[in-house]
Amino acid sequence: MNTLEHDLNALRATAPLVHNITNYVVMNYTANALLAVGASPVMAHAIEEVEEMAGIAGALVINIGTLSAPWVQAMKLAMKKAADLGKSIVLDPVGAGATGYRNTVLSELLETAAPTVIRGNASEILALAGLGGQTKGVDSTASSMSSLDAAHSLSERLGCVVSVSGAIDVIVQKNRVAYVENGHPLMTKVTGMGCSASAIAGAFCAVQPDSFQAAVSAAATMGVCGQLAFSKATAPGSFQIAFLDALAELAPEKLVELARIR
Amino acid sequence: MNTLEHDLNALRATAPLVHNITNYVVMNYTANALLAVGASPVMAHAIEEVEEMAGIAGALVINIGTLSAPWVQAMKLAMKKAADLGKSIVLDPVGAGATGYRNTVLSELLETAAPTVIRGNASEILALAGLGGQTKGVDSTASSMSSLDAAHSLSERLGCVVSVSGAIDVIVQKNRVAYVENGHPLMTKVTGMGCSASAIAGAFCAVQPDSFQAAVSAAATMGVCGQLAFSKATAPGSFQIAFLDALAELAPEKLVELARIR
Amino acid sequence: MNTLEHDLNALRATAPLVHNITNYVVMNYTANALLAVGASPVMAHAIEEVEEMAGIAGALVINIGTLSAPWVQAMKLAMKKAADLGKSIVLDPVGAGATGYRNTVLSELLETAAPTVIRGNASEILALAGLGGQTKGVDSTASSMSSLDAAHSLSERLGCVVSVSGAIDVIVQKNRVAYVENGHPLMTKVTGMGCSASAIAGAFCAVQPDSFQAAVSAAATMGVCGQLAFSKATAPGSFQIAFLDALAELAPEKLVELARIR
């Protein structure tokens, strides 16, 4: 069986619990995206319970979109616990490079535990790769291809998969590279699409031990559903809804048929 | 007039203010569900204002989905105030049994003030009924019928209505039991449906002094709207939207016609 | 070129970064509304980064919907910084008058820095104008026209634009008044519509230095999109989605054609 097909079937057969410590803006959409694709989301951030929650979850997703000190403390506790238990950790470095605080927090998180997958846009990956060196601002115009070297460097340094979302998604791990040429520009007009990509990467990591393959399956699922959604809705409000529908209705064979991976 | 019809008419005629201290994931959807059905939502959690807000609201809804210590403190203050003023309190024990922290907080909340209605899924009701005894994990496969004894036990112990959502909703108070056989499985694929059920139970409690009846009206309204939404939308994104439309468009006579209560 | 047309074109040409410190309920919808109309939203509230974020943003939007002490501290830091840098500040006094805490916080915020635009409903503007004098409760039945004197008084006292949303939007600055007669009653049945109006006012302030004109352009954009959305969807769930679509699809000439400003 094709790996994509295997991964999506496995995700739906097991409905893995994905523990999210994520930002306020996208919590609802991310939870709905996880439910729609077939996973089981839980959001919990209290320092009193994040370790226990990380322990019962199949994967941990850390997203720094709306940071504050108590949340950072919880993220560290959860990451440490997940790492100790050998669970996958997906890190979404939202707005890396935009403020010094985000850079500082990212450094601290990376010192706490190595993520399994880092998923961000090109600007974030470029900023993250430069941590410790020059400060960078937000550069939302960078293309995913332009961050290829940064992604490789990050992957080498941290020993993790780096998944860069863009017109072409680039997934890197050591000497492996995959390009996923799916998706639609309208995805950038809906908040939480990137965050959902990270959450869904977490769901695939819970069922696919090869985290590079899990990241590819996640990127392909997102991209194919973006295309399917655009065939139903061409403005961002209705697109956002059609995307959730597409995640739920996506047949594994359709994913295989439409995925453009090289 | 049929009680369901009376309750929905009363809700819309008075548009009761419902004070929610709820979780981040569902705040937007819950507020929209309350507006759609005809109530007036307010979300406020600052310890500096929760007592005053509880005082001007028609009902208080406490939902522990995304706990942290400052929120627990606010919940206690609000519950105490609402109880002192004789206002209805609906408690949604989200994830009861999933972590020790949730169990501890639930014990503390129940010691602070007796809820008028506890509304949860079967796993949560089973976990809550076992508090003080054995620890339980999350059991999302439990059916509402399997929690009948737990619901009765909780209702006896706390002197409150217990409403268990599931394929068949079970509402219990002392020697009273009602079964609501409405709803649709797709409701489990949208985050915040249970939380909305609790919020809407709060709205009905604000207009119907018999809290058992209020809980039945809420469960029937949710279930009937789930069915009406499914007649318009068969995937979770569009279903979520169609459900809000159904809440707004639901005619009281239609509620009476479609409700299957025994 | 008509000013409305100029403003909307300028907004889309520059996609200004709008920094929001807003409430949990509406964060997702507000972010999507900003993206749809053509701006670039960022939500950040950590005291460690709000000043830096305010510095890189084109405008700051402060919304007190779900207050707590740490957020108030962040709002003050961000407002002070934005004022020092000469950036526009939009203040949305959600629930002004509902609790003493909201009144206190609003007084403190107004002492920290003068907003460029205050946007609220009539009850909130009436309450805010009465600060320092009598305490007022929530008065959701007040019409925007009834708050004309309060709006003038606030505008005089604070030297800012006051924009009152209602069946007729009233925008006031010193001796200038504009009435925007667009919109639809269904807008009051979707949570976050007012908050989105404030956020979009921030986006227009970032591209139109005459803040009175910016507030008028924002009110007209909201109102016209409300009407366009209602032509597609007549219940609140689907209306909420159609509204985002309308924001994205709104042609500047259509805005000019449909805007009823006097």
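Below, chains carry the letters A, B, ... as their sequence lines are ordered, and counting in each starts from 1.
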Determine whether the side chains of S238(A) and D245(C) contain a donor N or O and an acceptor N or O closer than 3.5 Å. yes

Does the side chain of E52(C) pick up a donor-acceptor pair with the side chain of T99(A) at under 3.5 Å? no

Checking heavy atoms, do the side chain of V190(A), its backbone, both or neither come under 4.5 Å from chain C? both

Out of curiosity, I47(C) CD1 to Y101(A) OH, how far, rounded to the nearest 0.5 Å? 8.5 Å

With chain A as the partner, which of [options] has the greatest number of non-hydrogen pairs under 4.5 Å?
options                 : result
M53(C), E49(C), M27(C)  : E49(C)
H45(C), E51(C), E249(C) : H45(C)
N32(C), V42(C), L244(C) : N32(C)

T66(A), N23(A), V26(A) screened by side-chain contact (heavy atoms from CB on, under 4.5 Å) with M43(C), the one that passes: T66(A)

Considering all heavy atoms, the nearest L35(C)-T188(A) contact: CD2-O, 4.0 Å

Within residues 67-78 of chain A, the residues sitting under 4.5 Å from chain C by heavy atom, in sequence order, are L67(A), S68(A), A69(A)

Are Q240(A) and N28(C) close enough, and set up right, to give a side-chain contact (heavy atoms from CB on, under 4.5 Å), and what steps lead you there? CA-CA 12 Å; Q240(A) 159 191 29; N28(C) 183 269; 3.9 Å; yes

